[in-house]
Amino acid sequence: MEILRQIEEKWREAWEREKIFAADPDSNREKRFITFPYSYVNGPFHVGHAFTATRVDAYARFKRMQGYNVLFPWAWHWTGQTIAGASERVKLGDEEFIRPLREIDGVSEDDLKRFIDPAYMASYYTNENRETVRRAGFSIDWRREFRTASPTFNKFIEWQYQRLREKGYVAKGTHPVVWCPHCESPTGDHDRQEGVGVSPEEYTLIKFRIDDAYLPAATFRPETIYGVTNMWIHPDATYVKADVDGEQWIVSEKAAGKLKEQNRKVEITSRFKGREIIGKRFINPINDNELPILPGWFVSPDHATGVVYSVPAHAPYDWVALRDLQEKPESLKEFNVDTDEVRSIRPISMIEVEGFGDFPAVEIVEQLRVKDQSDPKAEEATKLLYKKEFHGGILKEICGKYAGSRVYEVKDRLIEDFKKKSIADSMYDLPQPVTCRCLTPCIVKILEGQWFLRYSDEVWKEKTRTALRKALVYPESAMQWFLNIIDWLRDWACARKTGLGTPLPWSPDWMVETLSDSTVYMAFYTINKHIKEHNIKPEQLTPLVFDHIFYGKGNLEGVAEESGISSQELKDMRREFLYWYPVDLRNSAKELVPNHLTFFLFHHTALFPEHLPRAIGVNGWLMLEGEKMSKSKGNFATLRGALGEYGADATRCALLLCAEGMDDPDWRRENVRDVGNKLESFYNLAKSTFESEGATERDHLEEWLISTLQHRIRKVTESMETLKTRTAIENAFYEIWNDIRWYRRRKEKINTETQKQILEVWTRLFAPFAPHICEEIWSKMGKEGFISLAEWPEHDEDKVNIRAEETEELVKNVLEDTSNILRATKMVPKRIYYYSASPWKWKAYLKALEQSLSKKIDLSSLMKDLMKDPELKKAAREVAKFARQIVDEANRMPDDKRRRELQVGAMNETQALKQAQHFFEREFDAEIYAHSEDDRQHEDHKKRAESARPYRPAIYIE
RNA sequence: GCGGGGGUGUCCGAGUUGGGUCAAAGGAGACAGGCUUAGGACCUGUUGGCGAAGGCCUGCGUGGGUUCAAGUCCCACCCUCCGCACCA
């Protein structure tokens with residue numbers, strides 16, 4: 001282990017000394033621009049980040065070895081609220097938060113004190129993580145590094161947002177948010193004490209006329225207006241009459257407050273208990289029916305308007321509440337209500353649902369035995385029936401122009417129609433209570449004048465879809481996900497008032513939000529090298545400068561003069577941008593699919609339509625010992641810790657062996673240790689290989705090994721091309737090792753030349769994954785230069801030897817069959833006789849294969865064909881018997897296997913088995929004899945020997 | 001609810017696009033043997049069941065179906081993980 005550590009340090013220093021990962025434009029070489037989304041610096045880089053980053057690095061290394069000019073840059077995400085929030089928690093002395101910083105991150109008390117400054121905290125982790133990333137051996141061009149809080153980067157973001165706005169992609173908007181009145185800010189999920197996942201829902205308000213005012217009853221089911229029988233008002237809740245945008249509304253007192261936050265002008269003119277209006281009559285605007293207001297204790301004044309209309313045929317609550325009144329007329333005594341009228345109210349059927357009669361609510365209430373309106377089962381009944389009616393319900397005749405339609409089809413149109421006719425209005429509310437961390441109950445607020453990225457814009461969406469379809473997506477199954485996200489995306493609030501970030505250039509009291517400033521920054525990598533090198537000042541980076549660099553706009557001299565950046569530098573930057581862009585691969589964990597990766601596409605279509613991303617990779621989310629990683633639960637592994645414990649190569653390999661595609665990798669310490677041990681023995685094996693001198697005899701086994709290696713090369717290469725890193729490393733490491741193992745098991749005297757030849761290729765195939773150890777082996781083999789820059793092995797068809805491969809197939813078959821017999825018979829063999837198939841059998845066999853190539857064969861046609869051959873005709877009887885055995889086999893054989901065997905033709909199995917004689921002797925500890933079936937040793941072997949078939953020699957054991 | 005992923009042997013995990021070489025790669029664990037002063041190191045082998053001859057039986061979430069043949073195709077169902085926005 002120690003030796004590996006030294007090796008790692010040595011090579012990392014060598015790479016840095018020789019600056020081999022610093023990439024500059026080179027018109028003679030094709031480029032590959034490969035990126036990893038910069039990580040947020042509110043904590044240490046962990047093994048989850050490392051999983052994604054290692055995939056990216058392995059790919060970058062692979063492409064570099066293939067001869068591409070590869071750029072893999074790195075940066076740090078400072079922008080956003082999280083660091084500010086974290087810093088705040090340190091300041092407040094939140095022990096729950098601070099303990100992991102001490103125990104997991106190993107932050108000293110001294111530093112901890114300084115964490116009250118968010119910038120300090122960010123720079124602490126930036127430095128910390130830079131060192132960690134360096135030690136992981138990632139092949140990064142560090143000259144382009146930056147942090148998103150740097151003034152030059154801010155200039156880039158300013159340019160980006162100015163241009164986005166000019167193109168109409170940024171606009172002011174008004175949207176409902178969950179709002180904490182105390183904090184005076186939107187309350188995101190992670191800021192909530194209660195109500196995680198709850199978001200504002202829009203209720204339709206149906207405006208029922210009552211005297212000179214309206215009763216705006218809230219509902220999700222405005223279509224049920226055709227079945228209204230009465231209104232429900234909570235008798236003991238406080239209601240108000242208020243002037244709402246010029247109309248008189250009667251709503252609960254709470255509702256009036258909510259409406260105010262939703263941009264309505266609300267002036268309360270009177271307050272009263274609900275009971276005061278119970279018994280009054282209102283008018284259903286759809287049919288001018290006059291109906292009564294009744295007391296409903298189930299009505300919550302906290303919910304929407306606190307006014308509910310009653311549809312007893314289809315709403316379980318309404319039916320139960322009505323039934324309560326009808327069964328207990330005495331409860332109406334205190335109200336000014338005509339009990340006879342209440343008794344005469346009948347549900348009005350207006351939706352037809354399969355499996356129910358006219359009054360589904362009545363039926364379901366009976367089925368579930370809902371006792372009364374305070375029974376929790378009423379809620380269940382409601383949900384059940386709503387779902388059923390929404391998907392399967394058809395509006396009845398009574399519903400006028402909407403009759404015959406399904407509820408889900410007609411709902412949106414109906415709401416729109418009602419609104420147009422001023423029958424309906426709407427308001428937002430939370431379906432469940434939400435409480436802020438500060439313990440204040442949240443409400444819905446309609447925020448005005450926020451800045452939005454207009455992701456809802458259909459034209460922009462379509463451009464983005466096109467961009468996506470043109471790009472490669474790994475794994476392919478993520479493509480559909482992206483398309484769905486593009487469909488689903490709404491406008492995105494892209495600026496905030498708090499946290500770190502770049503101020504919006506036209507409205508500096510807003511700051512560009514963190515997921516909105518990380519969409520096209522890859523372009524900044526291409527020029528940041530020059531900005532740093534020439535010490536270009538932020539104020540020199542005017543929008544015109546960026547226009548020139550990215551779009552070639554403006555006169556070079558003019559731009560140079562205006563900015564004070566030399567024309568040569570401007571030229572270089574433009575050249576550098578044009579050389580590296582577009583991004584060839586962007587890879588991240590799948591959590592970024594619904595936001596960052598999709599935004600990345602949107603913004604590129606908006607700003608760099610000529611330079612659209614070529615490929616996007618998505619990978620799973622790392623688990624730790626089978627559990628989600630969680631700092632607060634102590635289930636957390638930093639990359640730094642892993643590197644210290646297992647070394648870089650073992651960490652990298654173990655990570656990549658965990659998973660590929662969108663599967664979630666599972667990091668288990670035990671596995672990592674194993675991988676570390678395997679690496680060590682790989683190193684020892686390599687060492688013993690290049691240090692040894694030995695036999696140089698070659699037979700088909702060397703051919704076989706080299707041939708098999710060609711398949712491995714192809715598999716690893718193909719896998720890497722599509723970012724199947726697990727398959728790639730699995731083949732590049734374990735499979736080749738197994739091949740070598742088989743070779744060594746088979747061969748008496750190892751051919752060291754061949755071994756070295758194999759090792760030379762093997763090491764290169766493995767280098768993207770375990771670069772340090774491979775560098776060491778490479779140099780120990782006496783190779784010039786770095787393996788990191790060595791040529792990627794190419795599959796060489798000329799080295800493929802099917803005959804050698806099939807010969808080994810034969811040996812493996814025989815080995816397996818023999819073992820099988822020994823196991824079944826429990827014999828301890830003294831002598832084993834192998835009898836290979838007679839030449840005429842081969843002739844017939846190959847004939848059968850040939851025929852089956854084009855069609856399904858049958859016995860008679862095969863026989864007919866075979867009988868054309870005079871030699872076979874002589875032994876017609878045996879041939880017929882044999883043909884029967886091979887017809888099925890030939891038919892069933894996969895085509896490529898058939899072709900292979902035909903290509904190999906008749907094999908001299910006797911010879912092959914004789915060559916393997918010592919091998920079998922070792923394996924079975926018995927004398928081995930190999931002959932043709934025609935040449936059998938003992939007459940009593942006859943019966944058995946006759947059963948020989950091509951690739952299945954007969955076996956006789958004694 | 002909507003959208004996406006996935007259910008394979010003791011465990012992890014390939015294989016499913018284009019059905020046959022699949023009792024099913026690779027790894028882990030377990031077992032046996034070797035090396036060794038020793039080893040949680042390494043090397044070699046075994047690892048569904050049955051079997052006195054290379055075979056048979058069971059088997060890839062559940063239930064049906066198509067086919068000479070299904071882990072792979074079709075239908076229905078069950079389970080599970082992830083995302084669902086003012087936030088990284």
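Note on naming: letters A, B, ... go to the chains in the order of the sequence lines (proteins, then strands), and numbering restarts at 1 for each one. Quick caveat: nothing in here was measured; it's all calculated off a predicted structure. What you see below is based on every heavy atom in this structure, not just the backbone, and it leaves out hydrogens, waters and symmetry mates.
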About how many Å separate OG of S852(A) and CD1 of I857(A), when rounded to the nearest 0.5 Å? 5.0 Å
From the candidates G54(B), C42(B), G20(B), the one with an atom nearest any side-chain atom of S681(A) is C42(B)
Mind telling me whether F636(A) and H46(A) have parallel, tilted or perpendicular rings, with 30° and 60° as the class edges? perpendicular
With sugar-phosphate meaning primed atoms plus P, OP1 and OP2, does K724(A) contact a base, only sugar-phosphate, or nothing at under 4.0 Å between heavy atoms? nothing
Protein-nucleotide distance (K445(A), atom NZ; C86(B), atom P), rounded to Å: 16 Å
In whole angstrom, what separates L592(A)'s CG from G4(B)'s P? 19 Å
On RNA chain B, does the nearest nucleotide to W742(A) precede the nearest nucleotide to R944(A) from the 5' side, or the other way round? Give the residue. W742(A)
Here the distance between atom C1' of G4(B) and atom CG of D663(A), to the nearest Å, is 13 Å
Cationic N near anionic O, under 4.0 Å, E806(A) to K897(A): yes
Heavy-atom nearest nucleotide on RNA chain B taken for M662(A) and for I821(A); more 5' hit belongs to M662(A)
Whether R496(A) and E513(A) form a salt bridge (side-chain N of Lys/Arg under 4.0 Å from carboxylate O of Asp/Glu) is what I want to check. no
Using the side-chain heavy atoms of Q480(A), tell me which of these nucleotides is nearest: G4(B), A52(B), C86(B). G4(B)
Could you give the distance separating G40(B) and G49(B) at their C1' atoms, to the nearest angstrom? 33 Å
Side-chain contact check for S477(A): nearest option of G5(B), U21(B), U44(B) is G5(B)
When the distance from CH2 of W488(A) to C1' of A85(B) is rounded to whole Å, what number comes out? 5 Å
From C42(B), A53(B), G20(B), nucleotide with atom closest to R892(A) side chain: G20(B)
Picking from C86(B), G54(B), A14(B), the nucleotide nearest the side-chain atoms of H175(A) would be C86(B)
Round to the nearest Å and state the distance from I729(A) atom CD1 to G26(B) atom P. 17 Å
Whole Å only: how far is the CH2 atom of W621(A) from the C1' atom of G5(B)? 16 Å
Could you check whether K628(A) gets within reach of a base, just the sugar-phosphate, or nothing at all, counting any heavy atom under 4.0 Å? sugar-phosphate
Atom CG of N813(A) and atom C1' of G55(B): how far apart are they, to the nearest Å? 15 Å
In whole angstroms, the gap separating C1' of G26(B) from CG of N671(A) amounts to 13 Å
If you check every side-chain atom of K897(A), which of U21(B), A14(B), G54(B) has the closest atom? U21(B)
Looking only at G27(B), G4(B), A53(B), the nucleotide nearest the I957(A) side chain is A53(B)
Where do K461(A) and L489(A) come nearest, in terms of heavy atoms and distance? NZ-O, 2.7 Å
So the stems of RNA chain B, runs of at least three Watson-Crick or G-U pairs (under 3.5 Å), are B:1-7 with B:78-84, B:10-12 with B:26-28, B:29-34 with B:42-47, B:48-50 with B:55-57, B:61-65 with B:73-77
